Amino acid sequence: MGQTTQLPCAGDGICMLCKTKPLEEEKLTCKTCVTPWHANCLLSRPATLADTLQWECPDCTSLSAGQPPVPAGTVLVDGAGESSNSLIAAIRAIEADTSLTERQKANKRQQLMSGKAGSEEDDENGKKKKIHKGGEKDVLDVLGGTLNCSFCMQLPDRPVTTPCGHNFCLKCFQKWTAQGKSTCAKCRHIIPSKMASQPRINSSLVAAIRMAKMSKNVVDGGPSRVYHCVHNQNRPDQAYTTERAKKRGNANAASGKIFVTVPHDHFGPIPPENDPIRNRGVLVGDCWEDRYECRQWGAHFPHVSGIAGQSKHGAQSVVLSGGYMDDEDHGEWFLYTGSGGRDLSGNKRTSKEQSFDQQFEKSNKALQVSCMNGYPVRVVRSHKEKRSSYAPEKGLRYDGIYRIEMCWRKVGIQVCRYLFVRCDNDPAPWTSDEHGDWPRSLPVISELNEATDITERKESPSWGFDDGDSMWKWLKTAPPSSKRVEEVKEEDVNTARIAIRKAHNTSVRDKLLKEFSCLICRQVMVSPVTTPCAHNFCKSCLEGAFVGQTFVRERSRGGRSLRSKKNVMKCPSCPTDISDFLQNLQVNRELMDVIESLKSKAEENEDPEEEAQEDAGGSGGNSFAESENEETSSGTDIGDDLNSEKPSEAEGDENKSSVEKHEVPVPAVKHTVKRKQVDDGGNSSEEVGAKKMRTSSEAETVDEGNDSPSSPLHVASENDFQ
DNA sequence: GGGCCCGCAGGG
DNA sequence: CCCTGCGGGCCC
């Protein structure tokens, strides 16, 4: 794997693409990052000696311009040519301005990207005005650039945090480690190898940057619909702390109630009108504990299969969960492998080895149909995809709409392959951008050179970017559904809505709490530390959590290490061993500064939250109310209310009764599960399975309580492609 | 952490 | 009705 893109030479000088050590004259050094590259493996090489000296590598080109280099012959995704031309032209103009220093150029580029520029093309297009109302002094101004990534000197994009508390862009960090560097670029502390190989995005910092960018709005209690993704990931890992986690038995559970009213063959986003319970639809960043919950909210219906689709109709959604080793995830685009070709004998559901060829049939055909028609495909990422930096820490997360731009069959044991490219109006959960996707050019896929059955879309896509509206939408009518939709009872909707609103809160302090609570003390973090697994705690809380346990240092007695497995100290939020990290806790000063700054801003404007709450209430927003989650889970509020009306209803032998009766917002659907009996004779008492229960409490993702129509696409700014 | 195996849902 | 499947719990 890893053959798709262009890669530099590693620390040992070996080209990461062709794995050979290039001759001196085959080496190209980037003028910006000084990384060596193998010229023979580049898609386009500088033509003259002068060009060679001024050569900028593909990474830097894409980092600075937010756009990958576009080699000759690259297909442009629709719209890119038109709409982003002016932006690209503006970037080129900056680059060409010899009166500017590199630093000034970077600043200008950043302004351009973040929509603050107020420059020519704003007026030209007249559609990029909204976000920054005037030049108010926001949190970022106050911080004066301390948050910037020390590689690119810009706000960290997809921020990752080293155990020593320093923050970088994921891309910059990866480039650093790819050169064989194993120490922090800022303080030279050692970077643990696991973090170097699998850096995880620090979702609190994503939130911090988003809030800082929009700090004016935050204080207004204003829109922040993009946050909901974050705190969900950053919540304590209930699987290790609560009763619910100890409960077992979802393995063979029946599906719970579907809470949305879209048919199973519905294409595109789940809109608010099909979400009678929350009236907000499924938003980018929504998280679920498992595939059952994901299914209940309509993001992806099949509970084992990774592809939802019908060969005649098209595919509606996919899940990325690492089931196929060839998959490659670059966030805004990824390569997906079709299903099939595996030996499932022995009553298996999955298998690792690809034992025979796949064909474009069934689900694989469905994906191909979606490719050819340019249908929107919902994408859900699972924590089980361990190799991706974009995977959520736990559970599953809705990452928005993608389109399949091409598909083909790969050589070897033939598998169907699909190139997915993001095209959603909301920003991806890992960016701190305020805007969604802008049409982008396709990445270069090297495996295509040896591919067969290459399929590309011939006609215009059904889902595309409308230049007039500056947004992605249906350009053709959506394919009609052939499935029936289950209704949701009116009174249940109302009951649920009231219950949800009860748990709703929108004060600034609550928002800070949601995003920045320490997972131990549940207060807004003081002196935050970020673990290598990207969880955040107060320094003192984390220290306190292990105070009873004496850490046995790694010294040996009689040659034998004292630290056995039992002495390993696990992150309070996940099973990661953080023993080493605990030995030398470093505060994430940059995160701390943002939080402090936001906090003091919030305190300045303490009052106006009441009205804001009123307004927001109308949209039926809800929130997690996560701070009480352990004792009285937020969902139980709802469940209890409803259950008290209908006590012990689904108690019965037929497990599907409640489903068929549409006991709607009952978040807890009960069902029985038969357990396999292991030989020992007639013990009838145990053999009928235990009652299993699924609650939806974890499925309630946060809504910032604001669906104000002013939210949408703001500035057209270019998204970093890879 | 790896292997095993189950019911269930959905496509055809 | 049969076949498939990027889950999930459990046991080791």
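Please read these numbers as outputs of a predicted model, since none were measured by experiment.
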- prompt: Aromatic rings A:His330 and A:Trp333: how do their planes relate, parallel, tilted or perpendicular, breaks at 30° and 60°?
  reply: parallel

task: Could you tell me how the ring of A:Trp463 sits relative to the ring of A:Trp474: parallel (under 30°), tilted (30 to 60°) or perpendicular (over 60°)?
output: perpendicular

Atom-pair distance ([atom1] on [X]; [atom2] on [N]), nearest Å:
X: A:Gln359; N: B:dG12; atom1: CD; atom2: P; answer: 15 Å
X: A:Tyr292; N: C:dG9; atom1: OH; atom2: P; answer: 8 Å
X: A:His300; N: C:dC6; atom1: NE2; atom2: C1'; answer: 8 Å
X: A:Glu289; N: C:dG7; atom1: CD; atom2: P; answer: 14 Å
X: A:Glu385; N: C:dG7; atom1: CD; atom2: C1'; answer: 16 Å
X: A:Glu361; N: B:dG12; atom1: CD; atom2: P; answer: 10 Å
X: A:Asn364; N: B:dG12; atom1: CG; atom2: P; answer: 11 Å
X: A:Ile258; N: B:dA9; atom1: CD1; atom2: C1'; answer: 10 Å

Is any side-chain heavy atom of [Y] closer than 4.5 Å to one of [X]?
X: A:Trp408; Y: A:Leu448; value: yes
X: A:Arg403; Y: A:Arg422; value: no
X: A:Ile258; Y: A:Phe301; value: yes

message: Going by centres under 5.5 angstrom and planes under 30 degrees, do the aromatic ring of A:Tyr336 and the base ring of C:dC6 stack?
response: yes

query: If a stem is a run of at least 3 consecutive Watson-Crick or G-U pairs, both distances under 3.5 Å, which stems include DNA chain B?
result: B:1-6 with C:7-12, B:8-12 with C:1-5

task: Please name the pair of heavy atoms, one in A:Pro163 and one in A:Pro532, separated by the smallest distance, quoted to 0.1 Å.
output: CG-CG, 4.0 Å

[Y]/[X] salt bridge by N-O under 4.0 Å criterion:
X: A:Arg457; Y: A:Glu405; result: yes
X: A:Arg295; Y: A:Glu293; result: no
X: A:Lys410; Y: A:Glu450; result: no

query: Quick check: does any side chain N or O of A:Asp286 sit under 3.5 Å from a backbone N or O of A:Leu283, one acting as donor and the other as acceptor?
result: yes

message: Is a donor from one side chain sitting under 3.5 angstrom from an acceptor on the other, for A:Thr337 and A:Asp326?
response: no

Restricting to nitrogen or oxygen on both sides, can you table the protein-nucleotides 3-5 of chain C pairs closer than 3.5 Å?
residue : atom : partner  : partner atom : Å
C:dG5   : OP1  : A:Gly340 : N            : 3.1
C:dG5   : O6   : A:Arg349 : NE           : 3.1

task: Classify the nucleic acid contact of A:Lys386 as base, sugar-phosphate or nothing, counting any heavy atom under 4.0 Å across all strands shown.
output: nothing

- line: Contact check, residues 308-323 of chain A vs DNA chain C, heavy-atom distance under 4.0 Å, returns A:Val319, A:Leu320, A:Ser321, A:Gly322, A:Gly323

